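If you're wondering where the values come from, they're calculated on a predicted model, not measured in any experiment.
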Amino acid sequence: MTDDMKRTGPEPGAAPAELSCQESLALVYEFLDGELAADWNEAVRRHVQKCRRCYPHFDFERMFLDYLHEAGNEARANPELELRIRALIGAELG
Amino acid sequence: MNRGSHIQHERRREFESEALPHLDSLFGLALRLTGGDEPRSEDLVQDAMLKAWRAWDGFEVGTNCRAWLMTILRNQFINDYRRDRSRPAKLEFEQVAEGHGAGSLYEADPEGRVFDRLLSQHVLRAIEELPDEFRVPVVLADVEGFGYEEIAETLGIPVGTVKSRLFRGRRRVQERLHGFAEDLGFLP
């Protein structure tokens, strides 16, 4: 599978020259996730670069996804879990 | 110590030093996937660790042990998840208001200051409270960094469904964060 085939997007190869705010925002996550086909990616990028309303909104969504990624990876296992796993391995060894 | 038990002792020492340091990461992934179900998460981690121990001879030391362990745990969870999906879907997909969203977190805090003020426990709770159908794709994409195609294949759903679930799941997380931020007086 080529990289392009993996990319998703509405009607690949048919991105309009101009996108509205609504259309751009509907694609915000696909754009930030790097999942849009090249022509759609370019159409969204063009709109966001020149739109005073969408630019800060896209920036906000990027911050949100970074925050989700960082916070979502924090956790601490109960120390007893490690002891239990060590004991189970010991029991398997006999 | 005879030769056989010496080898076993070495094998165990190697497993404990390579694999056990990743317990927190595994537990974190299990918690995200199960929606904060701690006993179920501990069982998942324990089962994954035992599987890893039994397969340890096949693991090449020096390669990415954390990724290997995460894959074992994730596969185990996904197998159960896909089996359970034979139950009827309990979720009604609501219409999501698009546009710049009056009443949204973005509207209330366009600079994203709440992301500095809220604790990670708030985002964890917001993820955990999502229904399975939204939570699992969000965890795979946002915690684990999977691409859409990979999520679609993993969960056995179309890419279009992955997109809409991510969109709605992430917006729901934002709504929940908005609620936490208001409760804590971070937003008017």
Inspect the contact between [Y] and [X] and indicate whether a charged nitrogen and a carboxylate oxygen are less than 4.0 angstrom apart.
| X | Y | value |
| --- | --- | --- |
| A/Glu42 | A/Arg45 | yes |
| B/Glu128 | B/Arg32 | yes |
| B/Glu144 | B/Arg74 | yes |
| A/Glu82 | A/Arg86 | yes |

In terms of the angle between their ring planes, are A/Phe64 and B/Phe115 parallel, tilted or perpendicular, with boundaries placed at 30° and 60°?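 Ring orientation of A/Phe64 relative to B/Phe115: tilted.
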Would you compute the distance between atom NZ of B/Lys163 and atom CG of B/Leu166 and round it to the nearest 0.5 angstrom?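 Separation between the atoms: 10.5 Å.
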To the nearest 0.5 Å, what is the distance between CD (B/Glu42) and CG (B/Asp37)?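 B/Glu42 atom CD to B/Asp37 atom CG measures 10.0 Å (nearest 0.5 Å).
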Looking only at heavy atoms, which of residues 21-30 of chain B get nearer than 4.5 Å to chain A?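 Within residues 21-30 of chain B, the residues that come under 4.5 Å of chain A (heavy atoms only) are B/Leu23, B/Asp24, B/Phe27, B/Gly28.
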Which of residues 53-62 of chain B have a heavy atom under 4.5 Å from any heavy atom of chain A?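 Within residues 53-62 of chain B, near chain A: B/Trp53, B/Arg54.
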Which bit of B/Asp109 comes within less than 4.5 Å of chain A, counting heavy atoms only: side chain, backbone, both or neither?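 When you check distances to chain A, only backbone atoms of B/Asp109 fall under 4.5 Å.
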B/Glu111 versus chain A, the contacting section by heavy-atom distance below 4.5 Å: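 The answer is the backbone of B/Glu111.
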Out of B/Leu31, B/Leu50, B/Val45, B/Ile127, which one racks up the most heavy-atom pairs below 4.5 Å with chain A?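 Ranked by contacts with chain A, first place is B/Leu50.
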Closest-packed option against chain A by number of heavy-atom pairs under 4.5 Å, given B/Gln46, B/His122, B/Arg11: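 The option with the most such pairs is B/Gln46.
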For B/Tyr81 and B/Asp132, test the side chains for any donor-to-acceptor distance below 3.5 angstrom and give the result as yes or no.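 Side-chain D/A pair, B/Tyr81 to B/Asp132: absent.
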Checking B/Gln8 against B/Arg12: is there a side-chain donor and acceptor pair closer than 3.5 Å?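 No - no donor-acceptor pair under 3.5 Å links their side chains.
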Please say yes or no: joined through hydrophobic side-chain contacts below 4.5 Å, possibly via intermediate residues, are B/Leu184 and A/Tyr67 part of one cluster?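 Shared cluster, yes.
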List the residues meeting side chain to side chain donor-acceptor pair (under 3.5 Å) with B/Ser120, not counting sequence neighbours, and say none if there are none.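 Scan of B/Ser120 (side chain to side chain donor-acceptor pair (under 3.5 Å), adjacent residues dropped) gives A/Glu74.
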Run the side chain to side chain donor-acceptor pair (under 3.5 Å) test against A/Tyr29 and tell me which residues pass, sequence neighbours left out.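 For A/Tyr29 the side chain to side chain donor-acceptor pair (under 3.5 Å) partners, ignoring immediate neighbours, are A/Glu61, B/Arg171, B/Gln174.
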Check whether A/Glu92 gets within reach of chain B through its side chain, its backbone, both or neither, counting any heavy atom under 4.5 Å.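 Side chain of A/Glu92 only, per the 4.5 Å heavy-atom cut-off to chain B.
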